[in-house]
Amino acid sequence: MRKKTVAGNWKMNTLIDEGAALAKDIVDIIHEVPSDVQIILAPPFTHLDRVGGIISGSPVALSAQNCADKDKGAYTGEVSAAMLASAGCRYVILGHSERREYYHETSATLNDKIALALANGLSPIFCVGERLEEREAGRHFDVVGNQIREVLFNLTEEQMEKVVVAYEPVWAIGTGKTATAEQAQEIHAFIRSTLAGKFGTLAEDITILYGGSCKPSNARELFACKDIDGGLIGGASLKAADFIAIAKSF
Ligand code: PEP
């Protein structure tokens with residue numbers, strides 16, 4: 001079901017003690033957030049166990065930021081979807097633009113990662129979004145449409161029900177530039193209609209998050225849009241008060 005959702009992507013930030021303190025600060029004020037808003041924290045792998053312990057018993061859910069494209073075995077340095085599930089994760093972010101750009105993740109790899117995440121009971125938070133030059137060339141619909149078709153169209157309806165989509169224009173990530181509410185709504189509606197082309201009415205139930213310099217000052221306007229169901233938050237998720245203020249912006 002479509003759910004108001006705010007997910008914090010901590011990226012490669014905080015040491016374990018700092019992450020634990022941040023999680024504790026969030027849990028301490030989580031009662032301020034209406035109970036129909038799902039809050040998700042995605043700390044680094046090393047923090048999952050500790051943060052998982054701190055949020056246990058609270059409505060906050062745990063997510064990883066990535067998983068391996070292999071099941072198990074001799075893949076030094078990788079972390080499998082099964083390991084994440086055993087660490088208490090319910091979600092995993094996949095296809096973040098930083099992974100696509102710096103670690104050369106392709107739709108082929110992402111197909112394998114999504115399948116493994118779903119097979120292990122994790123809900124993928126699947127990220128799509130265009131680069132600045134693609135938007136300037138008016139190619140954003142093509143780029144985002146292809147990212148969706150190449151990965152999500154391979155799923156069954158039953159699998160798709162478990163996926164959260166995050167639209168994150170690359171030019172807005174960590175830059176302070178936010179897509180206007182109009183720009184964001186336009187492409188969120190496009191994502192929903194693309195999904196409807198394959199999955200029919202199920203598309204109405206898919207949670208689609210906006211990500212890219214979302215902060216307390218712009219969250220309200222973005223979340224008021226018909227097809228924006230919440231946010232994937234980077235920088236502003238590292239301060240408990242800002243993150244919770246965003247979660248209160250519906
Ligand atoms: C992100 O990378 O998921 C993100 C949205 O980052 P920021 O909020 O810092 O732009």
Side-chain angles (χ1 to χ4, degrees), residues 4-14 18-19 22 26 37-45 47 51 60-67 89 91-105 110 113-114 117 122-132 134-135 140 143-144 147-148 151 163-181 183-185 187-188 191 207-223 225 227-250:
K4 294 175 191 167
T5 301
V6 173
N9 174 14
W10 293 2
K11 309 192 184 187
M12 198 170 72
N13 291 301
T14 73
E18 294 163 342
L22 175 57
I26 289 168
V37 180
Q38 174 68 66
I39 302 292
I40 301 169
L41 298 184
F45 288 137
H47 302 28
V51 170
V60 180
L62 192 64
S63 174
Q65 299 174 17
N66 182 31
C67 73
C89 289
Y91 295 86
V92 58
I93 298 171
L94 291 176
H96 192 283
S97 62
E98 288 153 14
R99 303 270 345 149
R100 292 178 190 262
E101 186 174 343
Y102 306 141
Y103 302 97
H104 316 294
E105 288 195 358
L110 290 168
K113 291 188 178 200
I114 289 229
L122 300 173
S123 280
I125 301 174
F126 180 67
C127 304
V128 296
E130 79 285 358
R131 297 200 192 94
L132 181 61
E134 293 165 336
R135 172 148 296 249
H140 43 295
V143 169
V144 169
Q147 289 170 335
I148 288 175
V151 179
V163 176
V164 173
V165 179
Y167 167 66
E168 299 203 305
V170 180
W171 48 271
I173 295 181
T175 59
K177 278 188 204 158
T178 320
T180 63
Q183 284 173 320
Q185 165 57 29
I187 199 139
H188 277 235
I191 290 170
T207 302
I208 308 178
L209 308 179
Y210 169 79
S213 298
C214 184
K215 39 190 183 273
S217 58
N218 58 28
R220 191 167 294 279
E221 198 188 353
L222 287 160
F223 296 177
C225 298
D227 289 294
I228 300 182
D229 303 312
L232 179 55
I233 318 297
S237 72
L238 296 170
K239 279 196 191 138
D242 285 356
F243 184 60
I244 293 296
I246 292 171
K248 287 160 69 180
S249 298
F250 289 94

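Every number for a ligand or one of its atoms is a count from 1 in the order of the listing. Given the structure is predicted, the values throughout are model-derived calculations rather than measurements.
Considering backbone and side-chain atoms alike, Gly174 places an N or O below 3.5 Å from some N or O of ligand 1. For ligand 1, the polar-atom distance check finds no N/O of Ile233 at less than 3.5 Å from any of the ligand's N/O atoms. An N or O contact shorter than 3.5 Å is missing between Gly211 and ligand 1 by distance.
The distance from the CG atom of Leu110 to the CZ atom of Arg99 is 9.5 Å, given to the nearest 0.5 Å. Rounding to the nearest 0.5 Å gives a distance of 10.5 Å between OG of Ser249 and CD1 of Ile244. Rounded to the nearest 0.5 angstrom, Ile233 CD1 and Leu41 CG are separated by 11.5 Å. In this structure, OG1 on Thr178 lies 9.5 Å from CD on Glu221, to the nearest 0.5 angstrom. For the atom pair Leu209 CG and Ile40 CD1, the distance stands at 7.0 Å (nearest 0.5 Å).
In this structure, Tyr210 and Tyr167 have tilted ring planes: the angle between them lies in the 30° to 60° band.
The Ala172 neighbourhood of ligand 1 comprises atoms 10 (O), with distances under 4.0 Å to a heavy atom of that residue. Less than 4.0 angstrom separates some heavy atom of Gly212 from each of these atoms of ligand 1: 5 (C), 10 (O). Proximity to His96 (heavy-atom distance under 4.0 Å) selects the following atoms of ligand 1: 1 (C), 2 (O), 3 (O).
Residue Ile173 touches ligand 1 through backbone and side chain together, judged by heavy-atom distances below 4.0 Å.
Nearest protein heavy-atom neighbour of atom 9 (O) of ligand 1: Gly235 N, 2.8 Å. In terms of protein heavy atoms, atom 8 (O) of ligand 1 is closest to Gly234 N, 2.9 Å.
Among Lys11, Glu168, Lys177, the residue whose heavy atom lies nearest to atom 2 (O) of ligand 1 is Lys11.
The minimum heavy-atom distance between Gly212 and Glu168, with the atom names listed, is N-OE2, 4.4 Å.
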